[in-house]
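Structure first, commentary second.
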Amino acid sequence: MDYNYREVEQKWRTFWEENKTFKTEINPSKPKYYVLDMFPYPSGAGLHVGHPLGYIASDIIARYKRLKGFNVLHPMGFDSFGLPAEQYAIQTGQHPAITTEENITTYIRQLKQIGFSYDWDKEVRTSDAKYYKWTQWIFMQLFNHYYDKDANKALKISDLIVRFAESGNKSVNAVCDEDTVNFTAEDWNGMSEYEQQSMLLKYRLTYPDESVVNWCPGLGTVLANDEVKDGVSERGGFPVEQKKMKQWAMRITAYADRLIDGLNEVDWSDSMKDQQRNWIGRSTGASVRFSLYDVRDSMFDVSDSMFEVRNSENKQTSNNEQRTTKIEQQKSNNEKPTSIEVFTTRVDTIYGVSFMVIAPEHEYVPFLTTSEQKEAVEEYVQWVASRSELDRMSEVKKVSGVFTGSYVINPFNNEKVPIYLADYVLAGYGTGAVMGVPSGDQRDWNFATHFNLPIVPILDAQKDIDTQADNTKEGKYINSGIINGMNYKEATATLTKFLEENGIGKGKIQYRLRNAVFSRQRYWGEPVPAYFKDGLPYLMDESELPLTLPVIDKYLPTETGEPPLGRAEGWKYKGEYEYELSTMPGWAGSSWYWYRYMDAHNEAEFASQESINYWKAVDLYIGGSEHATGHLLYSRFWNKFLKDLGLVPEEEFAKKLINQGMIQGRSNFVYRVKESEGQGKKPVFVSFGLKDKYEVTPLHVDVNIVSNEVLDIQAFKNWRSEYVDAELILEDGKYICGVEVEKMSKRWYNVVNPDTLVDKVGADTLRLYEMFLGPLEQAKPWNTNGIDGSFRFIKKVWRLFYDDQDNFKVKDEVPTPAELKVLHTAIKKVEEDLERYSFNTVVSTLMICVNDLGSLKCSKKAILQDLVILMSPYTPHIAEELWTILGNEAGTISYANFPKFNPVYLVEANFEYPISINGKVRANLSFPTDTLPAEIEAAVRENEIVMKWLEGKEIKKVIVVPKRIVNVVM
RNA sequence: GCCAGGGUGGUGGAACUGGUAGACACGCAGGACUUAAAAUCCUGUGAGCCGUAACGCUCGUACGGGUUCGAUUCCCGUCCCCGGUACCA
């Protein structure tokens, strides 16, 4: 009889659950090890085969470390706020909490089925009020702190207020908004409450700010970037425009340097560190202020329709009498700007400036545009508003832009420089303005060539600048006023000094990193524990947490375009003040969850100091590389902040990080005819083979309603309400779908579920197979072609214990040297490979070991017992069963001792040297392992085969690499 | 576009620090067992070539160069694929 995996696996899963085999407690007598998985978003599609890849790997390490004597924390939880549940709620009216609960139940069932050694008592869910209470609490701490550059850490806002009252802000060296002006203690004490609070917002680590969003008037909502395709909404095909909106932001830039420095102390891949460093993008340069030249009039009526959207917030501001203070006036819309500031990393090229470019959404645009240029500018701004940031940065070859009609003055040579708008300058980055130096920058060169602007050489080393830009720093400066004849270093120093002495600029460090937007115009997220009084945000009291999500009738924005929370009846702080209506973004709850696992049910703190100081930081963190610059950066930021508050001990929360490669999915597509897009139109889809005859938009379709690329039409119509009466243009009576290999993701409907596989071959086989697929880090498309090999392996192991007639054949005999050699070869390799996280090669090693023991007909207990331990991290169910069968206490293999490798069994008397001649192997010669290289050389020189290959030529050299190879050079 | 990763047989992959390329598996082909099938076991399996045969030869790690006694591995350039690109998580 074959091994009955269904029965055995079920038996041990029940055992583990009932006996809480993996329950973990603080135990100072043992070394600790914390293995963490990036927790999943519980999608409606259930767990897919891509999830377990990382989970299996981390579970293997968790089990391996237990065998090595560590006290292992290995928890699992759910990142359960998010867009898909809300989207489902919009479609069905079902409360996202219900859907989420159902999905989590499914996930837990699926996870338990795979035999992970999680301590389920420590499970967390970010959408649980008991959890998000602490997310809100951390948010409040951020609001109540500012970043002090002298202390190089976050300090209390209450302390800042004291300092302002005593000496103003001149002596305060803190991270704050760019436009913060200097004030004295007198100024501060003379300010109204409103003015003081407004000022403090410029310092708080979280604060309301304006940022650009994808506004879709057709759907009356803000869309995520990936809900937008070709400038229209993915759902419904409505136009999308860029709009500025008041949003909460997190001052992550305050931590930019520490986020860069911290990378030096973690064991992450260099590529991952590079990505983070580049994302933060620290660059050293200078800011330079260019005065505006002769602004004759401001041609634009500020209330002009084109600018209405952008200025709506500002208008509100100026309507509010209280807010128009002396300080604010400088920024007010009614005053003409007098200069434009740029940031440059190449201040040395300043004499080569022949134009200036500002972002089309720059706030000065109305003032800079002359009446002659008004129409062209208006048209251009409108066009740019329809384009996403990504589109704008991607299209580098096509030059676009428009002249505003205005000029600035180059402060170094007093030349008139025309001001253009161009979409490659983004308002959100730097000052939203750049100086154009066509001889030294290719994009500027392209722009200058396109608009026929002068290209001035500035260095004598520049070559061929009439065909392309040359960004060299070599040579001496020419055409460059005060720096003529200098080299790069001298010039930069001279210019920076000049800027500072004349008050027109200064040396500056600029980051590409932007402060993180912390609002979503959605329902299914953490409510922000803030309310508004006179248009300013205030926190509720900590004792009033959690602020729970109110009940609403529909999960859509209000008629006036407010977020769904605007629908909540009477939802006001103390019945009086408006709450913040946006919710927190997806990354809020995931930015600190590893601490909650340490003490998941604590109601007094986010986790006890005792637990935090025992578990400290994550020793191994496994998750997808797609989180490189999102989750992993935000989490590091929050961790550093919590450390500043003295609440956690470690500067970096994840000591070792492994990025599992994506298991790619095979996506299926349907093709919607473009003419049928838009509200109220009947959707028309055309089959793959006929799609070239129409203008179509490819749309993802659920792979589970497609089989062999043929669409199940009825299932498709039921899939989404708007497709109920869709028309399908068929070929040969079928609707054929397109196929593409891409990331397996719920939002592309290409999720494949592991349940079927567990049923067909068992969890142990699935675990083994997923590891056997290849290196953990490498991406690979999912297919089950090789799974039989893993299944056979399990059966072969069983057959070492039982013969064909089901007789137990394990004997208590003394192992032979050959058997010990097989076993210890495996022990060595399994240990080495696990230490370097080479999960796939361990599977091969186990297979070779089992094959060899089979050939040796070895069924000796001493050998098999160690083999079972070696296997147990990969195939815990069968290992637990065999362990018990061998006479050990039931359910104890998880805490057994990893077999000790003994090199004695591997000693070889001889080594067979490959003999290569000019790099090509021509013979093999065996020598005792202690033979000296000179003796080997002598033997090789006299070898017949070698002589034959020499054909009478001289041997130039013989290279002997001990226990590797011999190479004869002739 | 920019940032980062990858490309090895029919397929997944191995080769750890520059040292016999293709371990281990899948698939395929042939054989054993069986009335038959499944399961299991055995043999072969990068491409091309020579030969009766043991064996041997040439090519071969995306493509083109380079460094080296020796390169899948290091360097330069090109092509293709995948992830991220700030509201998917």
Side-chain angles (χ1 to χ4, degrees), chain A residues 2 38-41 43 79 81-84 211 213-214 222-228 247 269-279 281 389-397 424 428 443 512-517 519-522 585-587 590 624-631 633 659 661-662 664 741-743 745-748 769 772-775 777-781 783-790 792-793 795-796 799 804 832-833 836 838 840-841 843-848 851 912-921 924 956-959 961 964-970:
Chain A
D2 268 347
M38 287 185 190
F39 63 167
Y41 172 80
S43 82
D79 191 12
F81 274 133
L83 236 51
S211 55
V213 296
N214 299 308
V222 173
L223 296 176
N225 281 338
D226 62 329
E227 292 176 302
V228 183
Q247 313 245 53
S269 71
D270 287 338
S271 64
M272 182 66 38
K273 293 183 185 181
D274 281 348
Q275 275 192 73
Q276 291 218 341
R277 280 191 199 103
N278 294 334
W279 183 263
E389 212 171 89
L390 189 55
D391 290 339
R392 288 169 58 175
M393 286 188 296
S394 305
E395 268 181 48
V396 166
K397 280 168 206 149
Y424 72 84
R443 205 164 42 178
R512 202 187 75 99
L513 181 73
R514 315 203 282 250
N515 282 332
V517 176
S519 292
R520 300 292 180 266
Q521 277 58 47
R522 299 286 175 173
W587 57 271
S590 60
S625 59
E626 69 271 26
H627 300 285
T629 50
H631 163 63
L633 210 54
N659 292 115
M662 211 120 27
Q664 288 155 338
V741 169
E742 61 186 352
K743 173 173 157 182
S745 158
K746 55 235 168 205
R747 54 177 317 278
W748 286 329
Y769 179 62
F772 194 48
L773 274 176
E777 294 91 335
Q778 204 169 296
K780 48 229 151 196
N783 79 73
T784 49
N785 288 344
I787 204 161
D788 285 351
S790 303
R792 276 174 206 153
F793 168 78
K795 290 194 274 192
K796 280 185 199 171
R799 246 171 276 122
D804 297 347
E832 280 173 0
D833 286 359
R836 65 188 174 103
S838 175
N840 54 327
T841 51
V843 181
S844 306
T845 303
L846 293 172
M847 284 174 169
I848 291 168
N851 287 347
E912 180 147 292
Y913 280 90
I915 312 299
S916 62
I917 294 162
N918 280 348
K920 292 205 157 89
V921 176
N924 282 292
K956 283 201 194 119
K957 195 157 68 165
V958 176
I959 294 154
V961 186
R964 287 261 191 225
I965 200 168
V966 176
N967 193 16
V968 179
V969 187
M970 61 178 205

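Any value given below was found using the heavy atoms of this structure, including those in side chains, with hydrogens, waters and symmetry copies removed. It should be emphasised that the depicted structure is a prediction, and the values quoted were computed from it without experimental measurement.
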- Task: Any chance you could lay out the side chain to side chain contact (heavy atoms under 4.5 Å, CB included) test for A/Asn924 and A/Tyr913, step after step, and finish with the verdict?
- Result: CA-CA 6 Å; A/Asn924 282 292; A/Tyr913 280 90; over 6 Å; no
- Picking from B/A89, B/C87, B/A23, which would you name as closest to the side chain of A/Gln521? B/C87
- For atom P, what is the distance between B/C28 and B/C33, given to the nearest Å? 22 Å
- Item | Closest contact, heavy atoms only, A/Asp79 versus A/Ser590 | OD2-CB, 4.1 Å
- Message: Just checking A/Arg964: does its CZ atom have more than 12 heavy atoms from other residues, nucleotides or ligands closer to it than 6.0 angstrom?
- Response: no
- Anti or syn - B/G9, cut at 90° from 0: syn
- Message: What's A/Arg512 touching, base or sugar-phosphate or nothing? Going by heavy atoms closer than 4.0 Å.
- Response: base
- Query: Should A/Ser269 and A/Met272 be marked as a side chain to side chain contact (heavy atoms under 4.5 Å, CB included) after you check the CA-CA gap, both sets of side-chain angles, and the distance that decides it?
  - Reply: CA-CA 5 Å; A/Ser269 71; A/Met272 182 66 38; 3.2 Å; yes
- Message: For a quick check of understanding: with a heavy-atom distance under 4.0 Å over all strands, which category does A/Trp279 fall into, base, sugar-phosphate or nothing?
- Response: base
- Query: With sugar-phosphate meaning primed atoms plus P, OP1 and OP2, does A/Ile959 contact a base, only sugar-phosphate, or nothing at under 4.0 Å between heavy atoms?
  - Reply: base
- Query: Over how many whole Å does the gap from A/Lys780 atom NZ to B/G6 atom P extend?
  - Reply: 13 Å
- Note on the structure: Using Watson-Crick geometry (N1-N3 plus N6-O4 or O6-N4) or G-U wobble (N1-O2, O6-N3), each under 3.5 Å, B/U58 is paired with B/A47
- Considering only the P atoms, how many Å lie between B/G22 and B/U40, rounded to the nearest integer? 28 Å
- Task: Could you measure between the two P atoms, the one in B/U11 and the one in B/A62, and give it in whole Å?
- Result: 13 Å
- Message: Measure CG/A/Leu633 against C1'/B/C3 and give the value in whole Å, please.
- Response: 14 Å
- Query: What integer distance in Å separates A/Arg520:CZ from B/A86:C1'?
  - Reply: 9 Å
- Strand partner of B/G77, provided both Watson-Crick or wobble distances fall under 3.5 Å: B/C63
- When you measure from the side chain of A/Leu513, which nucleotide among B/A86, B/C24, B/A4 comes out closest? B/A86
- Under 3.5 Å on both distances, the Watson-Crick or G-U partner of B/C26: B/G10
- Establish, from distance only, whether the side-chain atoms of A/Thr841 and A/Ser838 form a donor-acceptor pair under 3.5 Å. yes
- Note on the structure: From CG of A/Asn515 across to P of B/A86 the rounded distance in Å is 16 Å
- For B/C26, does OP1 or OP2 lie under 4.0 Å from any side-chain N or O of A/Arg792? yes
- Query: Expressed as a whole number of Å, how far does the C1' atom of B/C24 sit from that of B/U45?
  - Reply: 15 Å
- Task: Could you work out the separation of B/A15 and B/A39 based on their P atoms and round it to a whole Å?
- Result: 31 Å
- Check whether any side-chain heavy atom of A/Val958 sits under 4.5 Å from a side-chain heavy atom of A/Val966, and report yes or no. yes
- Determine the contact category for A/Arg964: base if any of its heavy atoms lies under 4.0 Å from a base atom, sugar-phosphate if only primed atoms, P, OP1 or OP2 are that close, otherwise nothing. sugar-phosphate
- Task: Tell me what A/Ser519 touches on the nucleic acid: a base, only sugar-phosphate, or nothing, going by heavy atoms under 4.0 Å.
- Result: base
- Item | B/G13 phosphate, OP1 or OP2, under 4.0 Å from A/Gln778 side-chain N/O | yes
- Task: With heavy atoms under 4.0 Å as the rule, sort A/Glu777 into base, sugar-phosphate or nothing.
- Result: nothing
- Query: Counting side-chain heavy atoms from CB outward, which of B/A15, B/U20, B/C24 is closest to A/Thr841?
  - Reply: B/A15
- Query: Just to confirm, is there a sub-4.0 Å distance from OP1 or OP2 of B/G5 to any side-chain nitrogen or oxygen of A/Lys273?
  - Reply: no
- Task: Kindly say if A/Arg799 contacts the phosphate of B/U40, meaning a side-chain N or O under 4.0 Å from OP1 or OP2.
- Result: no
- Message: Counting the atoms with a prime plus P, OP1 and OP2 as sugar-phosphate, which does A/Asp833 contact under 4.0 Å by heavy atoms, base, sugar-phosphate, or nothing?
- Response: nothing
- Message: In whole Å, I'd like the distance from the CG atom of A/Asn840 to the C1' atom of B/U11.
- Response: 16 Å
- Does any nucleotide pair with B/U52 by Watson-Crick or G-U wobble geometry, both distances under 3.5 Å, and what is it? none
- Item | Nucleotide nearest A/Glu626 (side chain, heavy atoms from C-beta), chosen from B/C26, B/A89, B/C87 | B/A89
- Reported CZ-to-NE2 distance for the pair A/Phe39 and A/His631, which is rounded to 0.5 angstrom: 7.0 Å
- Does A/Arg514 place a side-chain N or O at less than 4.0 Å from the phosphate oxygens OP1/OP2 of B/A86? no
- For the pair A/Gln521 and A/Gln247, evaluate side chain to side chain contact (heavy atoms under 4.5 Å, CB included) and give the outcome as yes or no after the intermediate values. CA-CA 9 Å; A/Gln521 277 58 47; A/Gln247 313 245 53; 3.1 Å; yes
- Which base sits across from B/U40 as a Watson-Crick or G-U pair, both distances under 3.5 Å? B/A32
- Message: Minimum heavy-atom separation for A/Leu83 and A/Arg522, please, with both atom names.
- Response: CD1-NE, 3.5 Å
- If the P atom of B/U61 is compared with that of B/G56, how far apart are they to the nearest Å? 23 Å
- When both distances are under 3.5 Å in a Watson-Crick or G-U wobble arrangement, the nucleotide paired with B/U68 is none
- Message: Just to be sure I understand the rule, does A/Val968 reach a base, reach only the sugar-phosphate, or reach nothing, if contact means heavy atoms closer than 4.0 Å?
- Response: nothing
- Query: Using a cut-off of 4.0 Å on non-hydrogen atoms, how would the nucleic acid contact of A/His627 be classed: base, sugar-phosphate, or nothing?
  - Reply: base
- Query: Using a cut-off of 4.0 Å on non-hydrogen atoms, how would the nucleic acid contact of A/Asn967 be classed: base, sugar-phosphate, or nothing?
  - Reply: base
- For A/Ile787 and B/C26, give me the distance from atom CD1 to atom C1', rounded to whole Å. 11 Å
- Value in whole Å for how far the C1' atom of B/G84 lies from CE of A/Met38: 13 Å
- Message: At less than 3.5 Å, do the side-chain atoms of A/Gln247 and the base atoms of B/C87 form a donor-acceptor pair?
- Response: yes
- Note on the structure: Applying the 3.5 Å cut-off to both distances, the Watson-Crick or G-U partner of B/U85 turns out to be B/G1
- Message: Just the rounded figure in Å: distance from C1' of B/A89 to CG of A/Leu83.
- Response: 10 Å
- Item | Whole-Å C1' distance, B/C55 and B/C49 | 14 Å
- Message: Working to the nearest 0.5 angstrom, can you tell me the gap between A/Leu513 CG and A/Gln276 CD?
- Response: 10.0 Å
- Item | Heavy-atom donor-acceptor pair, A/Asn278 side-chain to B/C3 base, under 3.5 Å | no
- Task: Would you classify A/Pro775 as touching base, sugar-phosphate or nothing, given that sugar-phosphate means primed atoms plus P, OP1 and OP2, and contacts are heavy atoms under 4.0 Å?
- Result: sugar-phosphate
- When rounded to the nearest Å, what value does the distance between C1' atoms of B/G48 and B/C42 take? 29 Å
- Task: Name the closest nucleotide to the A/Lys795 side chain, picking from B/C87, B/C88, B/U40.
- Result: B/U40
- Task: Just name whichever nucleotide pairs with B/U20, Watson-Crick or G-U, keeping both distances under 3.5 Å, else none.
- Result: none
- Message: Over all strands shown, is A/Lys956 touching base, sugar-phosphate only, or nothing at heavy-atom distances under 4.0 angstrom?
- Response: nothing
- Contact nearer the 5' end of RNA chain B, comparing A/Thr845 with A/Ser271: A/Ser271
